[in-house]
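Numbers restart at 1 for each chain; the letters A, B, ... are given by sequence-line order, proteins then strands.
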Amino acid sequence: MCARYAFRKVSVVLDDLGVAPLPGLEPRDNILPRQNVPVILASDGELIVQELRWGLIPPWAKDESFGDKAINARSESLRDKPSFRQALARKRCIIPATGFYEWKGQKGNKQPFLISSGLYDGFAMAGLYEDWVGSSGIRSTAIITVPANETVSTLHNRMPALLPRNRWRDWLSPDLPQAEALSLLIPDEDHDLRLMPHNRELLLGSPQKSEQRGLF
DNA sequence: CCAGACGTTGTT
DNA sequence: GTCTGG
DNA sequence: CCAGACGTTGTT
DNA sequence: GTCTGG
């Protein structure tokens with residue numbers, strides 16, 4: 001699963017795609033569902049960054065609480081799920097991250113680990129987004145998950161889909177056929193992932209307290 | 001047909 | 001125990 | 001994921 | 001809107 005992640009630097013993702021970061025983008029160590037998170041998507045033939053709410057709310061949802069149960073989307077079933085099918089075809093995005101967290105141990109005594117790339121400055125998590133036309137018109141996003149690769153499977157059986165670096169633009173292209181898009185959602189083999197025990201305190205309490213400044 | 005769900009993970 | 005909010 | 005709440009009525 | 005369960 002991926003229910004927490006970090007975005008500490010602008011990272012290779014934005015640089016490689018030539019996307020300018022949003023003004024005022026801060027490093028964040030403890031990103032939670034329901035927060036607004038920076039996401040890269042195609043808009044009128046251009047790649048842009050937008051802050052979307054984490055937890056996907058389909059257009060037909062009755063209320064925004066739907067997003068609470070759609071923070072992840074299983075790659076294996078995207079095609080069949082009413083909540084994700086439209087987005088898979090037309091609304092793919094990249095969620096840039098410098099790491100994600102997984103926990104190990106018994107409930108109440110879990111040790112968090114930060115998983116990050118040993119090769120790059122960050123990675124591109126595959127995501128979907130949707131527009132919900134409620135009173136405020138929320139655009140929201142979900143992180144796609146795949147079976148964990150060998151490294152991560154020591155902690156958990158799922159992990160976010162990390163897109164191959166040379167396919168980032170393909171994933172974001174509205175013209176990419178659905179079948180090809182799905183073929184990009186494979187367990188990571190490219191990032192040489194590293195696991196580091198992480199200070200539990202930094203993931204507790206208010207998110208603001210675990211943030212640090214001046215790292216961009 | 002209508003009514004109701006539409007999701008994932010983890011844990012047992 | 002289970003749901004909600006963050 | 002974890003932390004924290006989990007309820008209603010009536011009165012101010 | 002679309003699928004599933006009854």
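Look at CG on A:L78: it is 12 Å from C1' on B:dT8, rounded to the nearest Å. The nearest whole Å value for the distance from the CG atom in A:L128 to the C1' atom in B:dG7 is 13 Å. One interatomic measurement links the two molecules: CD1 of A:I143 to P of B:dG7, which rounds to 17 Å at whole-angstrom precision. Rounded to whole Å, the distance from OH on A:Y5 to C1' on B:dT9 is 19 Å. Put simply, CG on A:L56 is 10 Å from C1' on B:dG7, counting in whole angstrom units. Between the NZ atom of A:K69 and the C1' atom of C:dG5 there is a distance of 16 Å, given to the nearest Å. The interatomic distance linking A:K104 (NZ) with B:dG10 (P) rounds to 12 Å, in whole Å. Residue A:D68 contributes atom CG, which lies 15 Å from atom P of B:dG7 at whole-angstrom precision.
A:A61 comes within contact range of no nucleotide atom at all, as no heavy-atom separation falls under 4.0 Å. Within 4.0 Å of A:R200, counting heavy atoms only, lie sugar-phosphate atoms of the nucleic acid but no base atom. Using a 4.0 Å heavy-atom distance criterion, A:S77 is classed as a sugar-phosphate-only contact. The residue A:P33 sits close to a base: some heavy atom pair falls under 4.0 Å. In this structure, A:N157 reaches the sugar-phosphate backbone alone: every heavy-atom distance under 4.0 Å involves primed, P, OP1 or OP2 atoms, never a base. Counting any heavy atom pair closer than 4.0 Å across all strands shown, A:R74 reaches sugar-phosphate atoms only and no base atom.
Taking 4.0 angstrom as the limit, A:H156 places a side-chain polar atom (N or O) nearer than this to OP1 or OP2 of B:dG10.
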note = Under the rule of Watson-Crick or G-U wobble with both distances under 3.5 Å, where | means paired to another strand and [ ] a crossing pair, DNA chain E maps to ||||||
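The aromatic ring of A:W60 is stacked on the base of B:dC6, with the two ring centres less than 5.5 Å apart and the planes inclined by under 30°.
D:dC2 and B:dT9 are spaced 15 Å apart, taking the P atom of each and rounding to whole Å. The same atom, P, is picked in B:dT8 and in E:dC3; the two are 16 Å apart, to the nearest Å. Remark: the separation of the P atoms in D:dG10 and C:dT2 is 32 Å, to the nearest Å. The separation of B:dT11 from D:dC1, taken at their C1' atoms, amounts to 14 Å, rounded to a whole angstrom.
Screening A:D170, A:D121, A:D16, A:D15 for a salt bridge (charged side-chain N to carboxylate O under 4.0 Å, His left out) with A:R165, the sole residue that qualifies is A:D16.
Applying the side chain to side chain donor-acceptor pair (under 3.5 Å) criterion to A:D188, with sequence neighbours excluded, gives A:H191. Remark: A:F84 pairs with no residue by the ring pair (Phe, Tyr, Trp, His ring centres under 6.0 Å) rule, at least two apart or across chains.
Comparing D:dC2, E:dT2, B:dT9 by their nearest atom to the side chain of A:P82 picks out E:dT2. You'll find that the side chain of A:K110 is closest to D:dC2, out of B:dT9, D:dC2, C:dG5. The side chain of A:N72 sits closest to B:dT8 out of B:dC6, C:dG5, B:dT8.
A salt bridge links A:R158 with A:E76; the closest basic N to acidic carboxylate O contact falls under 4.0 Å.
Side chains of A:Y129 and A:K91 form a contact here, defined as non-hydrogen atoms less than 4.5 Å apart. A 4.5 Å side-chain heavy-atom check between A:P38 and A:R28 finds at least one atom pair inside the cut-off.
Between the side chains of A:R8 and A:T98, not a single donor N or O lies within less than 3.5 Å of an accepting N or O.
Side chain of A:R167 to main chain of A:L184: no donor-acceptor pair is present (N/O by atom type, distance under 3.5 Å, no hydrogens or angles).
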